[in-house]
Amino acid sequence: MAKFDAKSFNAEAFGKYVERIPNVKKNQLIQSGAVGTNDNAKTALASQTGSLYARIPYFGRISGATSQNNDGGTDITATSTTTYEQGFVTASRMDSWTERSFSKNITASVDFMDNVARQIADYKLEVKQAMLLAILSGVFSMKTTGSGVAEKAAKEFVEKHTYDISGKAGEDALVGATTLNTAIQQACGDNKNIFKLVVMHSAVATRLENLRLLKYMTYTDKDGIQHDLALATWNGRTVLIDDDMPVEDVAASGSEETAVPAHTKYTTYVLGEGAIVLDDIGDSVPYEMSRDPKTNGGQDTLFVRDRYICGVDGISFEKPASVTASASNTDLKTGANWNIINDGTQAISHKAIALVRIISQG
């Protein structure tokens with residue numbers, strides 16, 4: 001068994017221990033229902049000998065709108081469903097940390113495994129959240145010009161699922177009591193209740209706090225002490241606050257009556273049930289230790305590797321030739337790599353895609 005600074009290190013046990021460490025933000029992200037999995041994609045990609053990319057059948061829906069009147073004398077006209085394909089890609093991530101004297105750094109009665117595992121759990125959440133934001137940036141950057149089915153569908157999606165109030169004047173350019181409800185209704189109509197999670201910049205959250213529109217959550221630790229969380233709800237949707245959200249500084253323009261002062265635009269994302277597929281399917285060697293007794297008088301390195309399935313419900317990742325082993329965050333951000341699911345003649349309805357972005361000045 002490998003040793004870590006004179007301590008036994010069992011990679012499998014360490015991995016299980018990391019998963020047991022309470023990580024409230026991670027739990028809320030999962031429990032919101034907005035980030036999920038696709039069982040068919042997982043089956044195709046989860047094995048260590050599996051491929052980088054998989055195309056999974058996506059079945060079309062029947063509609064009651066085509067129901068025919070039965071007058072006793074008219075033949076029934078049959079219709080059929082279409083079958084689409086949805087692309088999923090895997091993204092592998094890795095990192096390592098070296099300490100010259102790790103045991104000395106974790107004194108003051110801090111348990112070795114507990115200390116390391118708590119840091120790894122937070123690290124994994126940061127990695128996953130960065131990938132989530134890269135995917136969102138990518139799907140809202142899809143190609144919208146052109147006469148093809150994919151381009152037309154992307155244009156409709158981006159227009160309907162973008163609620164931009166940043167160009168308005170005064171308070172109208174800021175989020176308010178009706179902003180979220182209006183945005184999700186514009187996108188999905190009577191299906192708006194599928195939205196579960198909102199990810200926003202702290203400037204936007206502060207605006208909502210001042211209006212008393214955010215309700216913060218609490219949790220109770222193992223000692224029965226209640227703690228406030230940096231997690232809230234807005235109109236019943238879980239809110240994650242992240243200053244890595246898109247921010248754009250806009251210069252002043254126009255003059256006199258048409259003058260627009262300099263301002264900052266903030267993008268807030270709203271996600272629906274199962275909107276993002278970001279499933280950790282594991283690496284063949286997720287945790288590994290290395291002991292170097294010579295360098296710096298002896299040092300230990302912990303290696304961490306992860307592997308994720310990446311996809312969006314209703315949108316297909318179209319793998320470019322440049323992605324040969326793992327999709328980077330840049331690959332996930334690239335709009336040309338994403339298409340609304342279509343069969344070449346028709347695309348699925350934009351209302352089936354539970355993603356919205358709100359662009360405001362705060």
Assess the side chains of [X] and [Y]: does a donor N or O sit below 3.5 Å from an acceptor N or O?
X	Y	answer
N181	K192	yes
T43	N40	no
R357	T162	yes
T264	D249	yes

Heavy atoms, side chains only, cut-off 4.5 Å: are I340 and K155 in contact? no
With the side chain counted from C-beta on, respond yes when Y266 and M200 share a heavy-atom pair under 4.5 Å apart, and no when they do not. no
Can you tell whether the side chains of [X] and [Y] come within less than 4.0 Å, N to carboxylate O?
X	Y	result
D306	K124	yes
E171	R207	yes
K215	E209	no

What do the steps show when you test R55 against E318 for salt bridge (Lys or Arg N to Asp or Glu O under 4.0 Å), and what is the final call? CA-CA 9 Å; R55 297 191 68 81; E318 301 299 319; 3.1 Å; yes
For S316 and G87, indicate whether the former's side chain and the latter's backbone hold a donor-acceptor pair under 3.5 Å. yes
Walk me through whether K42 and I281 qualify under side-chain contact (heavy atoms from CB on, under 4.5 Å). CA-CA 7 Å; K42 189 169 186 176; I281 55 174; 4.1 Å; yes
What do you reckon, is CG of N70 surrounded by more than 12 foreign heavy atoms closer than 6.0 Å? no
Determine whether more than 12 heavy atoms belonging to other residues, nucleotides or ligands lie under 6.0 Å from atom CG of D190. no
Test side-chain contact (heavy atoms from CB on, under 4.5 Å) applied to T145 and E151, step by step: CA-CA 6 Å; T145 57; E151 290 81 7; 5.9 Å; no
Could you check C188 against F195 for side-chain contact (heavy atoms from CB on, under 4.5 Å), going step by step and ending with a plain yes or no? CA-CA 9 Å; C188 293; F195 288 94; 3.7 Å; yes
Should the ring pair F317 and W338 be called parallel, tilted or perpendicular, given that the plane angle runs from 0 to 90° and is split at 30 and 60? perpendicular
